[in-house]
There are 2 protein chains.
Amino acid sequence: MVDPTEPGDGQDRAPSRRERARAATIDEIKRTALGLMREQGTTDFRFSDIARLMGMTAPALYRYFADRDELLTALIVDAYDELGNAVAGPRDEIPVDDPGGRFVAVAESYRRWAREEPGRFALILGLPVPGYHAPEEGPTTEAAQRAMAQLKALFYEAAQAGMLRPPRLPDDGGVIGRLLTEHAEEKVSPIDGPPIPAETFQAMLHCWACVHGFASLEAYGHLDWLPMEARDAIFTSSMRLVADAAGLPAPRPA
Amino acid sequence: MVDPTEPGDGQDRAPSRRERARAATIDEIKRTALGLMREQGTTDFRFSDIARLMGMTAPALYRYFADRDELLTALIVDAYDELGNAVAGPRDEIPVDDPGGRFVAVAESYRRWAREEPGRFALILGLPVPGYHAPEEGPTTEAAQRAMAQLKALFYEAAQAGMLRPPRLPDDGGVIGRLLTEHAEEKVSPIDGPPIPAETFQAMLHCWACVHGFASLEAYGHLDWLPMEARDAIFTSSMRLVADAAGLPAPRPA
DNA sequence: CGTGTTTGTTATTTGGCGTAACACTTCTAA
DNA sequence: TTAGAAGTGTTACGCCAAATAACAAACACG
């Protein structure tokens with residue numbers, strides 16, 4: 001049985017010795033694969049290399065993952081979750097009544113994660129790995145939504161607290177608002193909450209695009225010609241600007 | 001001889017019949033590879049597939065490219081050049097005294113190119129293809145700078161024409177300006193022109209990051225859940241905002 | 001027309017993915 | 001305690017693509 005679902009019946013009993021060993025092996029495989037990705041700077045890795053590093057032979061890995069795609073799917077889900085955690089952690093260290101500061105925290109940790117994990121960043125937010133076919137409607141999309149929800153939550157809280165000015169973004173004749181409410185109502189709302197105003201949603205996308213642009217340019221080395229200090233300063237400056245444009249109050253100085 | 005350099009001596013005589021045939025074959029190989037990339041949506045392609053589509057056998061391709069990396073390098077250089085042309089064309093259809101409009105034209109064509117050519121976009125602005133090792137200081141960096149220069153030129157012209165307000169970006173204590181002038185003087189200036197003020201350079205990076213963020217999110221399908229009209233409207237709105245923040249005048253209505 | 005170059009071929013090596021068949025360990029139940 | 005089932009590993013193998021070697025045909029040019 002390779003299928004990791006259905007751990008018995010519906011009940012979750014204490015994991016047996018074997019189950020623990022299996023989980024540990026799965027974890028070691030994933031960690032080894034990540035190590036290879038980091039080492040060679042690509043999303044490519046060889047089953048045989050993973051096995052060799054673990055002191056096993058390649059075919060043994062197929063006891064744990066049906067094929068390369070299944071391992072990749074697992075890595076993608078993990079990566080989304082970790083990116084989500086990476087931005088949620090620093091965000092939640094800033095008080096809720098400082099949404100500007102919370103946004104800057106999210107932006108900075110998004111960028112840091114991208115820079116520290118370019119391979120995994122490319123895995124989830126770049127072009128799919130050659131030959132990889134994502135499972136339809138699968139766990140990857142859910143994981144992506146969970147990660148995205150961390151940013152949404154920030155704006156939602158700010159709106160709830162009444163700390164969100166109307167954004168500065170032009171919406172000639174309310175076209176965007178109409179389109180968003182017509183076609184994508186359910187996507188616009190964060191999980192478990194009333195809808196964000198369309199204009200705020202638009203502002204959030206603007207912020208995300210800008211953060212993501214910096215993060216991906218930097219992750220792939222396209223800003224290497226700039227000294228790190230300058231990159232830091234420029235990034236922070238840009239983030240303050242987009243936060244302001246989105247209607248967030250200026251971050252409170254720490 | 002596979003080495004494409006040294007076409008005789010320094011002189012460029014009329015290309016002989018054989019040279020023309022060779023150039024045509026090289027071109028066909030590249031076009032076939034691009035077709036495969038577009039078709040399968042990845043940066044991966046098989047030499048054997050290219051050869052089959054061309055009615056040849058795989059080893060014949062090695063007469064034209066020493067290995068997969070050499071073909072990739074050629075494709076990367078081409079892609080940079082075409083991206084540069086793709087943004088320069090629409091830009092130059094807008095009058096020089098409308099730099100805001102010229103920026104929007106650049107942004108829109110950058111985005112369109114990314115959406116239409118996600119594979120090539122990933123090739124140049126994403127994570128390197130598995131196993132690919134770029135030649136050091138090679139033709140790829142030069143091509144990248146040529147493409148980037150198209151955006152620089154826009155800001156340079158606007159500054160020359162005195163149509164550039166100081167950007168709205170905060171630079172506390174002029175840290176960014178100092179860093180830029182200290183460390184990256186030559187990179188800040190466009191080719192063949194006096195230096196752009198550091199604050200304008202910063203604004204340009206802000207614009208680029210935002211354009212690139214939208215473009216890459218969309219190219220890899222992360223905005224597919226939004227209807228195209230909404231994406232268009234939101235993108236345009238964001239571009240107007242960043243252009244304004246960068247000190248460009250509002251685009252003149254066509 | 002003969003010689004050397006270019007461009008193609010087929011045959012072969014190398015290396016990774018994935019499967020098959022088999023061996024050893026561990027858990028479970030009579 | 002012990003037989004059998006389930007789980008985990010192994011070696012041997014088939015397949016496919018990259019890249020090289022050795023060879024054959026077409027072409028350019030004296």
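Protein chains get the first letters and strands the later ones, always in sequence-line order, with residue 1 at the start of each.
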B:Gln40 CD - D:dA17 P separation (whole Å): 11 Å
Contacts of B:Glu116 meeting side chain to side chain donor-acceptor pair (under 3.5 Å) (sequence neighbours excluded), chain-then-number -> none
note: A:Arg68, atom CZ; C:dG15, atom P; distance rounded to Å ~ 18 Å
Just to verify, what does B:Arg31 make a salt bridge (charged side-chain N to carboxylate O under 4.0 Å, His left out) with, not counting sequence neighbours? B:Asp27
How does each nucleotide of nucleotides 20-30 of chain D score, in 5' to 3' order, for protein heavy atoms under 4.0 Å: base (B), sugar-phosphate only (S), or none (-)? B------BS--
In whole Å, I'd like the distance from the CG atom of B:Leu71 to the C1' atom of D:dA19. 14 Å
Please name the pair of heavy atoms, one in B:Thr42 and one in B:Met37, separated by the smallest distance, quoted to 0.1 Å. O-CG, 3.2 Å
Nearest atoms (heavy-atom pairs only) where B:Leu226 meets B:Arg231: O-NE, 3.2 Å
Please report the distance, rounded to the nearest Å, between CG in B:Leu61 and P in D:dA18. 9 Å
Nucleotide D:dA18, atom P - distance to CZ of B:Arg52 in whole Å: 12 Å
Quickly work out the B:Glu19 CD to C:dT5 P distance and round it to whole Å. 16 Å
In terms of heavy-atom contacts, A:Ala86 and A:Trp113 come closest through CB-CD1, 3.8 Å
Would one find a side-chain N or O of B:Tyr64 under 4.0 angstrom from OP1 or OP2 of C:dT6? no
Taken to the nearest whole Å, CZ/A:Phe45 to P/C:dG18 is 10 Å
Below 4.0 angstrom from OP1 or OP2 of C:dT7, is there any side-chain N or O of B:Arg22? yes
Scanning both residues in full, the closest heavy-atom pair of A:Val242 with A:Cys207 reads O-SG, 3.8 Å
Show your working on salt bridge (charged side-chain N to carboxylate O under 4.0 Å, His left out) between A:Arg112 and A:Asp232 and close with a plain yes or no. CA-CA 10 Å; A:Arg112 177 169 36 248; A:Asp232 287 344; over 6 Å; no
Assign A:Ser48 to base, sugar-phosphate, or nothing according to its heavy-atom contacts below 4.0 angstrom with the strands shown. sugar-phosphate
Separation of A:Phe47 atom CZ from C:dG18 atom C1', in whole Å? 9 Å
